[in-house]
Amino acid sequence: MSATPGAAAAGPPPLPSPAPWADADAAFFADQLARSDYARNLGDALRGLYGGRPRSLIDIGAGSGLLGQAVIARGGRWCAIEPNAHMRGRLAGVAEARPDLSIDIRDGVWQDLTPFDPAAPADLVLCANIPGPIGAARALHARTRPLGRRLAWIVPAQAGPRSWCLAGFLPTHLHGEDITPGDRLALDELGSDLAPDMVHLVPWTFQALFPDRAAARAHMLDHLHRRGHVVDDLERRLDRHLDLALMPAEEGVIARAPKLSAVFVWHD
């Protein structure tokens with residue numbers, strides 16, 4: 001682990017914070033993340049680093065609750081903070097299915113948190129793949145560190161794109177994004193004075209199922225156009241890559257994007 005003391009080091013500019021998700025985007029992400037090994041791999045790592053399951057959890061950017069469920073102890077107290085309405089609906093479904101848990105679902109973002117939050121102090125404060133570690137790391141740390149006895153951030157660490165979830169399925173000439181590992185950018189921003197006590201790397205794979213090749217192609221083109229990176233002969237290049245990289249499945253075709261997550265941990 002290397003960190004630059006004091007001010008953030010020069011480097012590629014961070015990607016802008018994403019706009020709030022449309023329901024269709026949120027639903028696609030939640031469905032395909034559940035199909036992936038994300039919750040299993042990151043859940044195993046977090047439980048190992050914590051030394052078990054926390055009895056109280058502040059989960060900032062809780063999403064559909066997939067990772068929170070993999071971490072929190074049975075009968076625990078879970079404050080799930082999530083700005084997306086579709087994801088909060090999924091969290092409500094988790095609350096209904098898990099009456100053993102005390103789940104407080106809130107509409108909010110990390111910028112609104114204060115040290116006097118009623119859920120604090122929690123055994124664990126979790127920030128998994130939220131805007132902040134890259135671009136506002138010191139501000140995020142100031143808001144989240146006082147809330148619990150232990151703090152964990154999940155930060156993208158692959159030498160690849162960090163934007164939409166399947167960008168890493170594409171070669172660089174198609175996705176056209178900065179491929180600097182995000183954990184390096186976050187550590188440089190934090191500096192030596194705020195550096196985590198531990199950094200642990202966890203590989204996993206985002207896996208998305210499409211009913212057919214045409215659906216996969218339409219998904220990729222839609223996101224490439226949204227990102228504004230349109231290269232010459234885009235569709236022919238994409239078609240060639242889809243022919244090589246899509247995997248057949250019983251229910252359609254699968255696109256896989258390799259991921260690497262860095263778990264930053266601060267503890268008492």
Side-chain angles (χ1 to χ4, degrees), residues 15 18-45 61-67 69-70 84-87 89-91 93-94 128-130 154-182 201-261:
L15 292 171
W21 280 357
D23 283 351
D25 290 335
F28 176 86
F29 177 78
D31 288 344
Q32 308 310 327
L33 196 66
R35 188 183 305 281
S36 306
D37 55 5
Y38 169 79
R40 182 179 71 240
N41 293 11
L42 270 298
D44 287 349
S64 64
L66 199 64
L67 188 55
Q69 287 190 86
N84 181 267
H86 177 86
M87 293 298 197
R90 293 200 177 215
L91 285 164
V94 173
N129 302 307
I130 66 170
I154 310 295
V155 181
Q158 67 272 359
R162 305 179 301 275
S163 57
W164 54 289
C165 48
L166 275 176
F169 168 77
L170 300 174
T172 303
H173 69 84
L174 278 174
H175 67 65
E177 297 187 12
D178 172 43
I179 61 170
T180 306
L201 297 177
V202 182
W204 59 283
T205 302
F206 187 86
Q207 181 167 283
L209 175 69
F210 296 93
D212 51 37
R213 183 186 183 282
R217 184 181 192 269
H219 179 89
M220 306 293 172
L221 283 173
D222 175 47
H223 280 274
L224 287 169
H225 284 293
R226 289 195 217 179
R227 301 299 300 175
H229 178 71
V230 181
V231 298
D232 291 340
D233 208 11
L234 172 66
E235 295 194 15
R236 184 181 63 82
R237 292 192 195 193
L238 177 61
D239 285 335
R240 183 185 306 151
H241 181 68
L242 292 175
D243 290 341
L244 292 172
L246 282 177
M247 305 291 293
E250 187 173 325
E251 301 172 79
V253 294
I254 289 175
R256 294 188 175 102
K259 303 287 186 181
L260 183 66
S261 289

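Counting only heavy atoms from C-beta outward, the side chains of Leu174 and Leu234 approach each other to under 4.5 Å. Side-chain contact between Phe29 and Asn84 is absent, with no heavy-atom pair separated by less than 4.5 Å. With a 4.5 Å cut-off on side-chain heavy atoms, Trp164 and Leu224 count as touching. The shortest side-chain heavy-atom distance between Leu66 and Arg90 does not fall under the 4.5 Å cut-off.
Summarising the geometry, atom CD belonging to Gln32 is positioned 6.5 Å from atom CZ belonging to Phe210; distances are rounded to the nearest 0.5 Å. To the nearest 0.5 Å, the span separating CD1 on Ile254 from OG1 on Thr205 amounts to 11.5 Å. Note that CE of Met220 is 4.5 Å distant from CG of Leu166, once rounded to the nearest 0.5 Å. Note that CG of Leu260 and CG of Leu201 are 5.0 Å apart. Values are rounded to the nearest 0.5 Å. Atoms OG1 and CD1, on Thr172 and Ile179 in that order, are 5.0 Å from each other to the nearest 0.5 Å. In this structure, CG on Leu246 lies 10.5 Å from CZ on Arg256, to the nearest 0.5 angstrom.
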- Does the pair Leu242 and Phe169 meet the rule for a side chain to side chain contact (heavy atoms under 4.5 Å, CB included), with working shown? CA-CA 10 Å; Leu242 292 175; Phe169 168 77; 3.8 Å; yes
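His175 places no side-chain N or O within 3.5 Å of a backbone atom of Ser163 that could act as its donor or acceptor partner. Distance alone, capped at 3.5 Å, is enough to place a donor-acceptor pair between the Lys259 side chain and the Cys165 backbone. When atom types are taken as modelled, the side chain of Asn41 and the backbone of Pro203 share a donor-acceptor pair closer than 3.5 angstrom. In this structure a side-chain-to-backbone donor-acceptor pair under 3.5 Å is present from Arg213 to Asp239. Put simply, the side chain of Gln158 gets close to the backbone of Pro161: a donor and an acceptor are under 3.5 Å apart.
For the residue pair Ala39 and Leu67, the shortest heavy atom distance occurs at O-CD1, 4.2 Å. When every heavy atom of Met87 is checked against every heavy atom of Ser64, the shortest pair comes out as SD-N, 3.6 Å. Scanning both residues, Arg162 and Pro156, for their nearest heavy atoms gives CD-CG, 4.0 Å. Here the closest heavy-atom approach between residue Ser36 and residue Gln207 is recorded as OG-N, 2.7 Å. Gly43 approaches Ala70 most closely through the heavy-atom pair CA-CB, 4.1 Å. Between Ala157 and Pro181, the closest heavy-atom pair is O-CB, 3.4 Å.
With no hydrogens or angles considered, a side-chain donor-acceptor pair links Trp204 and Ser261 at under 3.5 Å.
Using a 30° and 60° split on the angle between ring planes, His219 and His223 fall in the tilted class, from 30° to 60°.
Only one option out of Glu250, Arg35, Met247 pairs with Leu209 in a side-chain contact (heavy atoms from CB on, under 4.5 Å); it is Arg35.
The pair Asp44-Arg40 does not count as a salt bridge, with every side-chain nitrogen at least 4.0 angstrom from each carboxylate oxygen.
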